[in-house]
Amino acid sequence: MSDLDREMGTFLILLRNKIRNVPISIAALLALLPLVPVALWSVSGSWRFPALWPEAWSLRGFRHLAEPGTRFAEALATSLGIAVAVTAASIVVALPAGIAIGAHRFRLRNLVILIVLLPILVPPLAVTLGIHGAFIQLGLADTAVGVILVHLVPAVPYAVLILASVFASRSGEIEATARTLGAAPWQAFLHVTLPQIAPGLAVAALLAFLISWSQYILTVIIGGGSVLTLAMLLFSAASGNDPVVTGALAVVFALPAVTALLLVLRLLRPRVDRAPALDRVRWAPGSN
Amino acid sequence: MGARLELDRLSYRYPGADDCAVADLSLAVEPGEIIALLGPSGCGKTTTLKLIAGLLESEGDVRLDGRSLRSVPPERRHIAMVFQKGLLFEHMDVEANVGFGLRMRRTLKSQIAPRVHRALDQVQMSDFARRRPLELSGGEQQRVALARALVTEPRVLLLDEPLSALDASLRDDMRELLLHLQRDGGHTTVFVTHDQQEAVRLGDRIGLMFAGRLSMYDEPEAFFERPPTRKIAEFFGATNFLEGEYADGVLRTAIGELKLAARVTPGRRTVVIRPESIRLGNGDNAFSARVLECRYLGTGMQYRFAIGSQTVVARLPADVTLTAGETVALQLPPAALWPID
Ligand SMILES: Nc1ncnc2c1ncn2[C@@H]1O[C@H](COP(=O)(O)OP(=O)(O)OP(=O)(O)O)[C@@H](O)[C@H]1O
Ligand SMILES: [Mg+2]
């Protein structure tokens with residue numbers, strides 16, 4: 001390998017490392033792009049039709065949200081509380097289910113998978129109409145707990161699917177190794193399994209959070225109007241005639257979702273740089 | 001010092017399988033001894049190790065120094081197992097990997113670091129303490145995995161194909177290292193291999209398995225010099241079998257009478273002779289043989305001869321040069337003819 005080849009190799013590796021970030025950047029951009037007009041609306045003072053750009057800026061929308069009469073703070077807190085509860089409950093339910101389906105073979109396994117997936121195969125709306133009757137009898141209708149439970153209907157199956165696929169690709173030998181080195185089952189799970197499945201777990205949690213956060217119909221049916229979420233506030237604002245307030249609401253609505261997405265993307269980045277060392281680069285010119 | 005390990009009629013059937021993966025397996029390993037479990041792919045070697053480690057629930061019993069481990073979970077057996085692949089905890093660096101067992105057993109923090117460093121030193125990996133497993137070569141990962149097991153001072157060490165992932169030169173180094181550490185530490189060790197040579201070079205004794213059953217358990221020489229069955233003789237590279245009627249100290253075969261050194265009961269008998277035991281020259285059991293084929297082996301020559309209707313394979317020194325079609329005198333020494341079932 002000559003010096004020139006070596007430098008070419010270095011250059012190509014640097015280029016490659018840069019390029020690897022491009023797909024992530026594009027993904028983030030695509031996720032953020034539809035938010036641009038909404039974000040512009042949220043801070044515009046006056047923006048009439050043919051103009052590409054607001055003619056004046058103002059924080060009127062956000063100030064409006066801060067006023068007590070809008071119930072914005074209450075809706076934000078409710079939405080966050082429900083979404084966090086749904087995320088936690090989804091993981092608690094989906095983790096054992098994912099382990100069972102992904103890592104073990106047992107009788108009637110396919111039937112169990114079908115039952116787990118049923119809520120997303122049948123439209124959740126249809127399921128919910130049935131659930132509503134039962135919830136009225138149980139006193140769960142019009143309560144936050146009822147809403148959390150009904151959000152689990154679409155959230156759990158996705159979380160189970162993701163976690164089952166994570167466990168299906170694990171042989172269990174790494175946990176077995178840990179056991180023979182002195183780890184009790186819970187220690188092997190805590191110190192070996194959990195750190196290794198963290199990215200999958202994060203994706204499952206993100207999905208459960210987003211499913212709950214953006215839920216509208218199910219909340220309205222089971223919550224019956226007494227449980228007010230941000231999605232409901234946004235829906236009623238959007239059918240009103242103040243695009244500035246709607247824009248401000250939409251920005252707040254999108255914020256946790258985008259934050260969560262960026263966090264997960266960070267977690268999914270490989271922790272170890274897998275780029276080959278220079279002397280092992282096969283495609284460097286002159287080497288073979 | 002390692003413990004005495006006893007396997008008493010171990011059996012295991014995987015859920016849903018028709019046949020037992022391990023059937024009725026009994027053997028004993030003395031303290032500080034290293035034994036090889038040898039056998040073709042799928043014969044149940046890995047399963048046997050998992051049964052010893054307590055990772056699968058078996059019929060039969062495993063005993064350490066006479067104490068039954070029937071209801072002892074893997075983490076309290078002090079039996080460390082190194083799997084064939086997927087060796088290290090990828091989310092920990094080398095040092096954390098090696099210290100894992102000590103942390104799990106709540107060893108004093110102040111003792112962990114020195115013990116980890118000593119273990120890394122033993123496998124010559126001290127300079128790699130801060131590396132992640134993905135930044136190591138296969139051989140380096142293997143050495144770290146070995147250190148991680150040894151640092152827990154196991155009473156029995158189980159190794160699943162410890163050398164199979166390495167290329168030839170690394171394999172020699174690793175074998176020496178393994179043997180050195182094993183002798184030094186006096187670890188009772190069971191290792192698995194499907195390579196007959198590996199078993200011979202590393203094992204004090206060899207357990208040969210076929211289809212879940214232990215066919216023979218003895219010192220390496222016995223497999224070459226005293227194989228009890230044709231199958232075992234063949235697995236250890238014996239290729240020449242001669243059949244005949246035995247009476248009065250001679251076996252009457254298709255090629256003529258053979259004198260045997262071994263005592264044999266009269267009747268229909270088969271004897272085996274290894275390719276490297278056959279000699280050129282005259283004496284007892286000498287026959288005129290025609291050269292059919294020769295092949296250069298690097299360390300010698302392999303010839304195929306015809307003695308009448310019988311074909312025999314012989315391995316001769318490289319300085320013997322015979323050509324196909326030539327006729328020579330070939331001797332099958334009586335002491336090298338071993339009767340089998
Ligand atoms: N998890 C499993 N479920 C069902 N059958 C299995 C399982 N693992 C192994 N077996 C079967 O049990 C038998 C013994 O397997 P084992 O892994 O012990 O073989 P081995 O001797 O280690 O083979 P190799 O040299 O290829 O590693 C094989 O027939 C195999 O197909
Ligand atoms: Mg195996």
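Below, chain A is the first sequence line, B the second, and so on; all start at residue 1.
Residue-environment remark: CZ (A/Phe209) exceeds the threshold of 12 foreign heavy atoms within 6.0 Å. For CD of B/Gln111, the number of neighbouring non-hydrogen atoms (other residues, nucleotides, ligands) closer than 6.0 Å is greater than 12.
Scanning residues 25-39 of chain B against chain A with a 4.5 Å heavy-atom cutoff picks out nothing at all. By a heavy-atom distance cut of under 4.5 Å, A/Leu181, A/Gly182, A/Ala183, A/Ala184, A/Pro185, A/Trp186, A/Gln187 are the residues of residues 181-188 of chain A near chain B, going up by number.
The side-chain heavy atoms of A/Val192 and B/Phe100, taken from C-beta on, include a pair separated by under 4.5 Å. When side chains are defined from C-beta on, B/Lys50 counts as touching A/Glu173, because their heavy atoms get closer than 4.5 Å.
Between the OG1 atom in A/Thr177 and the CG atom in B/Leu88 there is a gap of 9.0 Å [rounded to 0.5 Å].
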*Start with the C-alpha gap between B/Leu55 and A/Thr180, add the side-chain angles, then the distance that decides, and say whether side chain to side chain contact (heavy atoms under 4.5 Å, CB included) holds.*
CA-CA 8 Å; B/Leu55 296 165; A/Thr180 72; 4.0 Å; yes
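Note on residues 153-165 of chain A: no pairs pass salt bridge (charged side-chain N to carboxylate O under 4.0 Å, His left out), not counting sequence neighbours.
Using a 4.5 Å cut-off between heavy atoms, B/Arg131 makes no contact with chain A at all.
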Please set out all donor-acceptor pairs under 3.5 angstrom arising from side-chain atoms of residues 72-81 of chain B, sequence neighbours excluded.
| residue | atom | partner | partner atom | Å |
| --- | --- | --- | --- | --- |
| B/Glu75 | OE1 | A/Arg179 | NE | 2.9 |
| B/Glu75 | OE1 | A/Arg179 | NH2 | 2.6 |
| B/Arg77 | NE | B/Val72 | O | 2.8 |
| B/Arg77 | NH1 | B/Ile52 | O | 2.9 |
| B/Arg77 | NH2 | B/Leu69 | O | 2.8 |
| B/Arg77 | NH2 | B/Val72 | O | 3.2 |

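The two residues B/Phe89 and A/Gln196 make their nearest non-hydrogen contact at CA-NE2, 4.0 Å.
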